[in-house]
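In what follows, a single structure is set out as structure tokens and then discussed.
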Amino acid sequence: MTLSFAAPSDGAIPLHVIEQSELEGWLSDQPDAVRSWVEANGFTGAIGQALLVPGVDGVGMALAGYGTAAKRARKRFPLAAAAEKLPEGAYRIASGVGDDALPTECVGWLIGGYAFDRYKKQSPAKARLIAPDSVDAARIEAQVNAEALIRDLVNTPASDMGPEALQAAAEGLAGEFGATCDTITGDALLAQNFPMIHTVGRAAEQAPRLIEMNWGASGPKLTLVGKGVCFDTGGLDLKPAAAMGLMKKDMGGAANVLGLARMIMALELPLQLRMLIPAVENSVAGNAFRPGDILTSRKGLTVEINNTDAEGRLVLADALALADEGAPDLVISMATLTGAARVALGADLAPFYTDDDTAASALAQAAIEAADPVWRMPFHEPYEALIEPGIADLDNAPSGGFAGSITAALFLRRFVTESRYLHFDIYAWQRSKEPGRTKGGLGQGPRALLAALPELLGL
Ligand code: BES
Ligand code: ZN
Ligand code: ZN
């Protein structure tokens, strides 16, 4: 599905976005007929209210409630709440949204047109928005179509989004934007020294693989690494049903880096992009890896498996080691890595880790601008001891589980020693419908990163 602004047209319905406290003043400038229509329909300017106002012939204008600043702070896309209720038609924002908020409100409106309709016909919001003059329409459309891609990939169940399909999705994206895409599959992973990717994925019907996409010939080097666990049963340390139910989304990191890559390529950012996705299914079979096994990683560090459910860090470790060998200017990993990240920050806020204070503050600021909330968590050095077992270099699942998101991040950092590193421990899932967000797969971080990239890479 491609989401876009409506083509400019003379017949567009002017939309006035009205702050609750300003309704009275606005009404006092209107003719009596408008005033009584608005009052009779109980329009108060609350967030989510939408009203068509008759004109001399047909619809004269539309109103959308914009609440108060305090109420808007509780929503990510406040205008989308009203847009979803407007009837089919093309609208142009005639008043009421400040230039600062306009790009985000446009993203929210357009992504309201998303629906996951692969298995059943759906009815997404129908009101179409004409791009306001002051916004960069291409940039907004790039963000929205990246988000739609992320949601589609995450929403598609493992029966149709195994490692093969994830590879096909990466190849499809590469083809669309003239990138190259190469994949190392099955035993070739052993021959080319990606032992942990192979070990985690070897019990599944579809062979484990490392997908690599490259794009861009000049500029700073950015390498994205996404966790592509297409289904996470937990392995022999099997997850209980309640925890396994959602694990089709365990490739959410891969989906998010594909989304970020899509934006970078669509906007032709002047950089050299490399994207790596270890794609596996963490399954149960006679050849599954076991608790107590000790693996030797690509980097040479040995890892004691204390829980086969802590598989994401294993496949990422080999991909991160490869990323680091290229010594890019920045490595970013995105992964649905730990339940502990949800305990720490909940579903809405994506924790990120970096040693670069400047990057962290650029990202925090960009996240606010992009309405893509992220929050820095620490690579707390005193916890390093927690990931060091007695008989191997690293422990994949420290006992006790305290600070689980931090210990997972510290584990990954051991594999990135040459490059600047940013790591996101995301959820990639929206638990219930909100304006601009369907229940299901969700992008977390890519829009914040897009906004921060000029500062992160000196573009
Ligand atoms: N994919 C899960 C993490 C996860 C769970 C993300 C729920 C989002 C929602 C990951 O592979 C996992 O199972 N991690 C374990 C690690 C533990 C065994 C050290 C976890 O978080 O419980
Ligand atoms: Zn797991
Ligand atoms: Zn997992």
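Both ligands and their constituent atoms are indexed starting at 1 by order of listing. We count residues from 1, following the sequence as given.
- Of all the atoms in ligand 1, the ones that sit under 4.0 Å from a non-hydrogen atom of Ala397 are 19 (C).
- Remark: Arg72 qualifies as a cation-pi partner of Tyr66 under the 6.0 Å distance and 45° angle criteria applied to the six-membered ring.
- Counting only heavy atoms of the protein, atom 17 (C) of ligand 1 lies nearest to Ala310 CB, 4.3 Å.
- For atom 21 (O) of ligand 1, the closest heavy atom belonging to the protein is Gly339 N, 2.7 Å.
- Note on Asp232: its N/O/S atom closest to the Zn ion (ligand 2) is OD2.
- Within the coordination shell of the Zn ion (ligand 3), defined by N, O or S atoms under 2.8 Å, Lys227 is present.
- Shortest distance from the Zn ion (ligand 3) to Asp250 is reached at OD2 (N/O/S atoms only).
- Each of the atoms 2 (C), 12 (C), 13 (O) of ligand 1 lies under 4.0 Å from some heavy atom of Lys239.
- Heavy atoms of Asp309 found under 4.0 angstrom from ligand 1 belong to the backbone as well as the side chain.
- The Glu311 neighbourhood of ligand 1 comprises atoms 11 (O), with distances under 4.0 Å to a heavy atom of that residue.
- Scanning the protein heavy atoms around atom 1 (N) of ligand 1, the nearest turns out to be Asp250 OD1, 2.8 Å.
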>> What verdict does the side-chain contact (heavy atoms from CB on, under 4.5 Å) test give for Leu295 and Thr302, after you've listed the backbone C-alpha separation in whole Å, the side-chain angles of each residue and the deciding distance to 0.1 Å?
In response: CA-CA 6 Å; Leu295 314 180; Thr302 54; over 6 Å; no
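- Side-chain contact check for Met196 versus Arg313: every heavy-atom pair is 4.5 Å or farther apart.
- For the 3.5 Å distance criterion, the side chains of Lys299 and Thr417 qualify, holding a donor opposite an acceptor.
- Ranking the protein heavy atoms by distance from atom 6 (C) of ligand 1 puts Thr336 O, 3.7 Å first.
- In this structure, the side chains of Leu224 and Val331 stay at 4.5 Å or more apart for every pair of heavy atoms.
- Of the heavy atoms in Met251, none comes closer than 4.0 Å to ligand 1.
- Within ligand 1, the atoms closer than 4.0 Å to a non-hydrogen atom of Lys227 are 1 (N), 10 (C), 11 (O), numbered from 1 in the order shown.
- Within ligand 1, counting atoms from 1 as listed, the ones closer than 4.0 Å to a heavy atom of Arg313 are 16 (C), 19 (C).
- Checked against a 6.0 Å centroid threshold, the rings of Phe411 and Phe415 count as neighbours.
- Under the 4.0 Å criterion applied to side-chain N and carboxylate O atoms, Glu325 and Arg298 are assigned as salt-bridge partners.
- The shortest contact between atom 14 (N) of ligand 1 and any protein heavy atom is with Leu337 O, 3.5 Å.
- Numbered from 1 in the order shown, with element, the atoms of ligand 1 that lie under 4.0 Å from a heavy atom of Met247 read 1 (N), 5 (C), 7 (C), 9 (C).
- Closest to the Zn ion (ligand 2) among the N, O or S atoms of Glu311 is OE1.
- Under the 4.0 Å criterion applied to side-chain N and carboxylate O atoms, Asp355 and Arg420 are not assigned as salt-bridge partners.
- Checking side-chain atoms of Asp324 against main-chain N and O of Glu418 turns up a donor-acceptor pair under 3.5 Å.
- The distance from ligand 1 to the heavy atoms of Asp232 drops below 4.0 Å at these ligand atoms: 1 (N), 2 (C), 10 (C), 11 (O), 13 (O).
- Using a 4.0 Å cut-off between heavy atoms, Asp237 makes no contact with ligand 1 at all.
- With no hydrogens or angles considered, no side-chain donor-acceptor pair links Tyr114 and Asn145 at under 3.5 Å.
- Proximity of Met244 to ligand 1, defined as any heavy-atom pair under 4.0 Å, is not found for any part of the residue.
- With respect to the salt-bridge test (charged N to carboxylate O, under 4.0 angstrom), the residues Lys239 and Asp309 qualify.
- When only modelled atom types and interatomic distance are considered, Asp250 and Thr336 share a side-chain donor-acceptor pair under 3.5 Å.
- Of the protein's heavy atoms, Asn307 ND2, 3.4 Å lies nearest to atom 18 (C) of ligand 1.
- Less than 4.0 angstrom separates some heavy atom of Lys249 from each of these atoms of ligand 1: 8 (C), 9 (C).
- Here Glu381 pairs with Arg413 in a salt bridge; the nearest charged N to carboxylate O distance falls below 4.0 Å.
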